[in-house]
Amino acid sequence: MKKRNTGFLALAFILSSSLVLGACGSNNNAGGAANGNTGSSPAPSADNSTGGNTGTEGSGEAVNLSFWTLFDGGDGDNMQKLVDEFNKSHPDIKVKNTKLVWAEYYTKLITAVGNGNGPDIGISHTSRLPDLINQGVVTDLDAVAGEAGVDWATFNQNLLDATVVDGKHYAVPIDTHPFIMYYNKKLLKEAGLLGDDGKPVLEQSADGLLAFLKTLKEKLPAKTTPFALSNSNDDPYRLWWALYSQLGGNDLVSDDLKKAEIDKAKGIQAAEYIQKLFTEGYIKKNDPDFYKNFQSGTAAIMMTGVWATGTWEATKGLEFGAMPIPKLFGQEATWGDSHTIILPLTKSEDPAKRKAALIFADYVAENGQIWAKAGHIPSKPSVLEKPEYKDMPYRSDYAAVAGTVKFNKPSTKNWQIRDNVSFKILNEVWANKMKPAEAMDKMEAGVQKELDK
């Protein structure tokens, strides 16, 4: 991946409005609401009240850090708690958390950094990291990581590897939020598909899931949906990516990130399987709200991101379980993304601030039991062994998924490929308006078109 050559203050003049990306535009729930983008309010100013203070050890002055986040709801509350606890335990460092609207976050971050007014610390999804690197928005962390006591070996290797570009660490992963399966225990028990251990009686194979869904359809009331899933965009795409990856499918782009490289046979097989779930009536067509369908107790299983765990926990009377999606094909794999902490390029590149910022980032990762309350899987395996994490229900049932998330290659076009190509074309397959073989041909052409822009 070729990074633009930018330098400290020069970035403010090089990055212009032409570099500003639109907000992610996804209905992805992983990190806050993605709707309501006004695009009009100005970006908040970074906290530069230290006025050149380096905050060196022994100076007696605290290092003040501005931190921009994109978290709302429970995620927002949990991150604020982490900030508060950090500030209490680190009197020499003061982190100020500024919450931005999810849909506006990346645009404002890029604009602010380009104007020289970016924050000291930011958040990035792993999937957005390559683009931020390419635009010169984020800095690599290796020079300061050792000084801050960050031990990369303490992180889940799969999550960490996804944040390394051209051999350099660009972010501190704090979680992964993968695509998993939820099930209604009451309905599965009624259909004779709940084991004594409280888990589904489900053979881990493609035929096994079909047989499981067929039994649900036959034994449960007609108003009950065997499998709650969106009919378009994010979640059926996530399922397709998961099955494509289980089949050993290549990424959609080549290793040099210049050419479309879809494994069409595997892509067709994964798409045909999901299309059958729709045509056989296991997934409700034109479901106006598949979340509500499961939440109201009228859907037997559901697949979506782990961020739903907190919602189901708060739903009175919902007896549910959580687990990795079934291994339908050759290997365990699923879709997922990660929240990471980044150090944006700043005017001064103050060494004391950068060190303090990474101390904070490592603290957040080390205290992932707080962050996991919303359902996310912590990025440090050691957190999974903490009593506070183990005492929370459901999380340990899918924690191992962190090692089987299949990330995209570090292309700067990943989100454009997803939104402009994969979503649009695969939606036609789910609606039974396009054959999977034709869809793969169109996807290949569409991916190449995006790469050539």
Side-chain angles (χ1 to χ4, degrees), residues 8-9 11-12 31 42-71 75-100 105-106 108-125 129 132 136-151 163 169-175 339-368 370-371 379:
F8 296 103
L9 294 177
L11 177 69
S45 297
D47 180 6
N48 293 316
S49 58
T50 53
N53 169 39
T54 62
T56 54
E57 294 182 10
S59 68
E61 298 181 39
V63 178
N64 292 307
L65 300 172
S66 57
F67 179 31
W68 286 9
T69 62
L70 43 67
F71 303 118
D75 277 353
D77 294 340
N78 293 333
M79 182 54 71
Q80 186 59 54
K81 182 177 181 180
L82 281 161
V83 170
D84 292 342
E85 291 296 324
F86 176 83
N87 287 338
K88 288 179 184 178
S89 60
H90 294 74
D92 56 336
I93 304 172
K94 178 68 174 178
V95 177
K96 180 182 179 182
N97 179 16
T98 300
K99 301 178 184 179
L100 278 68
Y105 173 80
Y106 286 105
K108 288 186 174 182
L109 176 66
I110 293 168
T111 303
V113 171
N115 292 332
N117 296 314
D120 300 305
I121 317 170
I123 292 289
S124 175
H125 289 83
L129 195 56
L132 296 181
V137 173
V138 299
T139 60
D140 75 85
L141 311 178
D142 290 311
V144 70
E147 294 180 28
V150 177
D151 182 357
T163 66
H169 295 88
Y170 279 94
V172 175
I174 61 173
D175 70 34
H339 294 117
T340 74
I341 291 180
I342 57 173
L343 302 191
L345 192 68
T346 58
K347 286 181 179 179
S348 64
E349 293 298 291
D350 187 325
K353 282 196 169 191
R354 287 176 62 79
K355 177 181 176 181
L358 275 197
I359 290 173
F360 168 72
D362 197 55
Y363 175 92
V364 172
E366 191 65 38
N367 290 276
I370 296 174
W371 187 236
S379 61

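- Annotation: the span from Thr340 atom OG1 to His169 atom NE2 amounts to 12.5 Å, rounded to 0.5 Å.
- Nearest heavy-atom pair across Ala148 and Ile359 is O-CG1, 3.7 Å.
- Using a 4.5 Å heavy-atom threshold, the side chains of Phe67 and Ile123 count as touching.
- Qualifying side-chain hydrogen bond (donor to acceptor under 3.5 Å, both in side chains) partners for Thr69, counting only residues two or more places apart in sequence or in other chains: Asn97.
- How far CG of Asn115 is from CD1 of Ile110: 12.0 Å, rounded to the nearest 0.5 Å.
- Expressed to the nearest 0.5 Å, how far NZ of Lys96 lies from CG of Asn87 amounts to 12.0 Å.
- For the pair Leu100 and Leu70, the minimum side-chain heavy-atom distance is 4.5 Å or more.
- In plain terms, the two heavy atoms of Ile93 and Ala356 that are nearest each other are CD1-CB, 3.7 Å.
- Across all non-hydrogen atoms, the minimal contact from Pro173 to Ala365 is O-CB, 4.0 Å.
- In this structure, Val95 and His90 have side chains that are not in contact, with every pair of non-hydrogen atoms separated by 4.5 Å or more.
- Nearest heavy atoms, Pro344 versus Gly122: CD-N, 3.8 Å.
- Applying the side-chain hydrogen bond (donor to acceptor under 3.5 Å, both in side chains) rule to Asp84 yields the partners Gln80; only residues at least two apart in sequence or on another chain are considered.
- Within the model, atoms CG of Asp75 and NZ of Lys99 stand 10.0 Å from one another, a figure rounded to the nearest 0.5 Å.
- A side chain to side chain donor-acceptor pair (under 3.5 Å) with Ser66 is found for exactly one of Asn117, Thr98, Asp120, namely Asp120.
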Do Thr139 and Glu349 pass the side chain to side chain contact (heavy atoms under 4.5 Å, CB included) test, and can you show the C-alpha distance, the side-chain angles, and the key distance before you say yes or no? CA-CA 10 Å; Thr139 60; Glu349 293 298 291; 3.9 Å; yes
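- Interatomic distance, OG of Ser124 versus OH of Tyr105, reported as 7.0 Å (0.5 Å rounding).
- Nearest approach of Asp362 to Gly149, heavy atoms of both residues: OD2-O, 4.2 Å.
- Residues that satisfy the salt bridge (charged side-chain N to carboxylate O under 4.0 Å, His left out) test with Glu366, not counting sequence neighbours, are Lys380.
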Under the side chain to side chain contact (heavy atoms under 4.5 Å, CB included) criterion, do Leu141 and Val150 qualify, and how do the steps go? CA-CA 10 Å; Leu141 311 178; Val150 177; over 6 Å; no
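- Ile341 CD1 to Ile174 CD1: the interatomic distance, rounded to the nearest 0.5 Å, is 5.0 Å.
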Would Leu82 and Trp371 count as a side chain to side chain contact (heavy atoms under 4.5 Å, CB included) here? Give the steps. CA-CA 8 Å; Leu82 281 161; Trp371 187 236; 4.1 Å; yes
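- Taking every heavy atom of both residues into account, Leu132 and Tyr106 meet most closely at CD1-CE2, 4.1 Å.
- By the 30° and 60° cut-offs, the orientation of the rings of Phe360 relative to Phe86 is perpendicular.
- Residues Lys353 and Thr346 fail the side-chain proximity criterion, which asks for heavy atoms closer than 4.5 Å.
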